[in-house]
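Structure first, then comments.
All values below come from the heavy atoms of this structure, side chains included, with hydrogens, waters and symmetry mates left out.
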Amino acid sequence: MYPLTPLQSLALLFIVLAIVDCILWIAREISTQTRTPAPAVPRPETDGSTPIVRNAVLRPDEPYDHEKHGL
């Protein structure tokens, strides 16, 4: 077999580096897809002074119905 010329050696080096770069990129993509998700942020606890679910009567967008409330 004949020895490689400097240009062929340089081309072979670039090909090998491109293959290694592709392998590293694929490994990075696989690791980001299989990473476990971050834990959820815990909900703040209430002391009971502020209701979490508001009463339906207190909705400001509904008009006040006098017949519904017996007036």
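In the hydrophobic clustering of this structure, Trp25 does not group with Leu17; members are Ile, Leu, Val, Met, Phe, Trp, Tyr whose side-chain heavy atoms approach within less than 4.5 Å, directly or through other members.
From Ile15, atom CD1 reaches atom CG of Leu10 across 10.0 Å, with rounding to the nearest 0.5 Å. Summarising the geometry, atom CG belonging to Leu7 is positioned 11.5 Å from atom CG belonging to Leu12; distances are rounded to the nearest 0.5 Å.
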